[in-house]
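This report concerns only the one structure given below.
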Protein chains: 2
Amino acid sequence: MGRRQLWDQDEVLASAMRLFRHRGYLGASLRDIEEATGLHPGSLYRTFRNKDGLFHAALDAYNERVVRHRVRVHLLEPADPLAGIRSFFTSAIETGAEPDPGCLLTNTAVESFTLPEAAPGVHHGLAAIEGGFADALTRARNRGDAPPDLDIATTAAHLLALYQGLLVLVRAGRPRTALHSVTDGALASIGTLRNPRKQDDP
Amino acid sequence: MGRRQLWDQDEVLASAMRLFRHRGYLGASLRDIEEATGLHPGSLYRTFRNKDGLFHAALDAYNERVVRHRVRVHLLEPADPLAGIRSFFTSAIETGAEPDPGCLLTNTAVESFTLPEAAPGVHHGLAAIEGGFADALTRARNRGDAPPDLDIATTAAHLLALYQGLLVLVRAGRPRTALHSVTDGALASIGTLRNPRKQDDP
DNA sequence: TATTTTTGTGAGCAATCGTTCAACTACGGA
DNA sequence: TCCGTAGTTGAACGATTGCTCACAAAAATA
């Protein structure tokens with residue numbers, strides 16, 4: 001063996017993630033990263049190869065911990081799926097004491113031209129959210145809370161777009177009341193997209 | 001007087017705008033800007049004070065030319081307002097030959113923590129889009145294409161969020177078919193948000 | 001204990017960053 | 001024609017960037 005690693009990789013990734021969420025990839029310098037993680041460049045480059053490597057690890061950790069956790073808590077587990085979708089949206093608006101940390105998927109998608117190799121990670125996270133919506137919508141339909149001919153795939157994609165847009169508006173500093181009404185609109189729009197299996201009133 | 005300015009300010013702002021849309025504020029170095037605009041640093045700093053000044057001028061130009069033009073062509077002028085809303089969305093997806101240049105408002109909102117002084121410009125542009133939606137919705141309602149008790153303000157905010165989300169997904173490289181179905185969802189969701197003036201079927 | 005192996009430390013590298021400025025060029029008015 | 005003014009040019013500045021590497025420290029093996 002040899003000397004043992006003095007730092008916890010999960011903690012380091014958590015603080016790096018927080019930094020990238022706030023400042024973006026380009027906005028976070030290695031001096032910032034050193035300060036945030038407490039790691040010196042040597043250890044950093046030994047473990048993560050370079051800044052890109054650390055970012056990818058942070059993005060994976062974001063998908064694995066933050067996204068997955070939020071999807072599970074708000075979209076997969078709640079007994080009332082529509083209430084879960086609502087809380088999924090509202091929890092993105094009410095970020096608590098510290099200012100909005102931003103969604104690493106949204107930020108990275110926008111920075112994509114300077115970070116093309118991060119695309120798979122972004123896709124993965126977005127797909128997880130979309131899948132969560134689809135699950136919640138399916139359960140809502142089975143419970144009778146949504147029309148039986150609801151187009152689940154399209155509605156899930158619709159909610160994903162609306163959610164990403166909401167995050168942009170949060171970052172833009174829009175008043176919270178306006179953002180909450182977007183959430184109301186998201187819920188109200190569920191059920192408007194039907195499968196054209198049987199045309200009732202054209 | 002003195003020597004005449006050899007370059008056209010509109011052209012310079014257009015190329016700077018294009019660069020910032022692609023690469024973002026931090027991603028566009030002054031060497032990139034020199035190459036894109038053809039200006040040397042001296043002229044740049046004489047006219048725009050610094051990089052921030054150029055960015056603000058480019059953001060203002062974006063609001064003034066791109067946003068305003070798009071709002072007018074798709075939302076204010078068309079005889080069929082709902083078809084206009086549809087084309088407003090689809091034209092953001094089909095960006096033509098060159099890859100998606102991105103929306104400077106979306107990108108800047110996401111970069112906001114490194115550019116807090118750009119917030120007013122972002123607000124201004126977003127308000128212009130939202131206002132365009134509100135105008136189109138009002139005309140649609142007057143034409144009988146939307147319910148008479150449509151909640152216009154909330155629906156406009158809803159469409160704005162959906163539009164910004166669509167732009168994020170475009171940047172994320174989502175397949176165009178999925179994006180077009182988001183557009184369908186946007187149109188279908190119009191009319192789901194009613195003013196609670198008269199409760200018909202609770 | 002001596003040796004090998006792994007990790008931590010941080011000074012310092014070349015490259016690039018945003019920015020400045022002194023020399024130079026072109027125009028209008030005297 | 002000469003001068004004052006406004007604009008152009010591009011070399012170069014100090015600061016910061018991402019990153020390297022020689023060395024010190026600690027654990028496992030002998």
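Protein chains get the first letters and strands the later ones, always in sequence-line order, with residue 1 at the start of each.
- A 6.0 Å sphere centred on CZ of B:Arg68 holds no more than 12 heavy atoms belonging to other residues, nucleotides or ligands.
- Sorted by first and then second residue, the ring-ring contact (aromatic ring centres under 6.0 Å, His included) pairs with a member in residues 160-181 of chain A read A:Phe88-A:Tyr163, A:Phe89-A:Tyr163; sequence neighbours excluded.
- Summarising the local packing, CD of B:Glu77 is surrounded by more than 12 heavy atoms from other residues, nucleotides or ligands at distances under 6.0 Å.
- Other residues, nucleotides and ligands place more than 12 heavy atoms under 6.0 Å from the CZ atom of A:Arg176.
- Taking both residues in full, the closest heavy atoms of B:Val67 and B:Gly125 are given as CG1-O, 3.9 Å, listed atom of the first, atom of the second, then distance.
- Evaluation of the side-chain hydrogen bond (donor to acceptor under 3.5 Å, both in side chains) rule for A:Glu111 yields no partner, not counting sequence neighbours.
- Within residues 13-21 of chain A, no residue is approached by DNA chain C to less than 4.0 Å at the level of any non-hydrogen atom.
- Proximity of B:Trp7 to the phosphate of D:dT8: a side-chain N or O atom is located under 4.0 Å from OP1 or OP2.
- The aromatic rings of A:Phe20 and A:Tyr25 sit parallel, their planes meeting at an angle under 30°, below the 60° perpendicular limit.
- Within 6.0 Å of atom CD in A:Gln5, more than 12 heavy atoms from other residues, nucleotides or ligands are found, so the atom counts as buried in its surroundings.
- For A:Arg18, the CZ atom counts as loosely surrounded, since its 6.0 Å shell holds 12 or fewer non-hydrogen atoms of other residues, nucleotides or ligands.
- Judged by distance alone, with hydrogens and angles left aside, the side-chain atoms of A:Arg171 form a donor-acceptor pair with the main-chain N or O of B:Val110 at under 3.5 Å.
- Crowding of B:Arg65 atom CZ: a count of heavy atoms from other residues, nucleotides or ligands under 6.0 Å exceeding 12.
- With respect to the salt-bridge test (charged N to carboxylate O, under 4.0 angstrom), the residues A:Arg86 and A:Asp184 qualify.
- Rounded to an integer number of Å, the gap from CD1 of A:Ile33 to C1' of D:dG18 is 9 Å.
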Task: Contact pattern, 5' to 3', of nucleotides 11-19 of chain C - B, S or - by protein heavy atom under 4.0 Å - done: BB----BBB

Considering only nitrogen or oxygen atoms on both sides, find all protein atoms under 3.5 Å from nucleotides 25-27 of chain C and state each distance.
from   : atom 1 : to     : atom 2 : distance (Å)
C:dT25 : O2     : B:Arg3 : NH1    : 2.9

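- B:Asp100 has no carboxylate O lying under 4.0 Å from a charged side-chain N of B:Arg21, or vice versa, which leaves the two without a salt bridge.
- Using a 4.0 Å cut-off, no side-chain N or O of B:His40 falls inside it from OP1 or OP2 of D:dT8.
- One can place CZ of B:Arg46 at 13 Å from P of C:dT20, the figure rounded to the nearest angstrom.
- Residues of residues 107-115 of chain B that place a heavy atom closer than 4.0 Å to DNA chain D do not occur.
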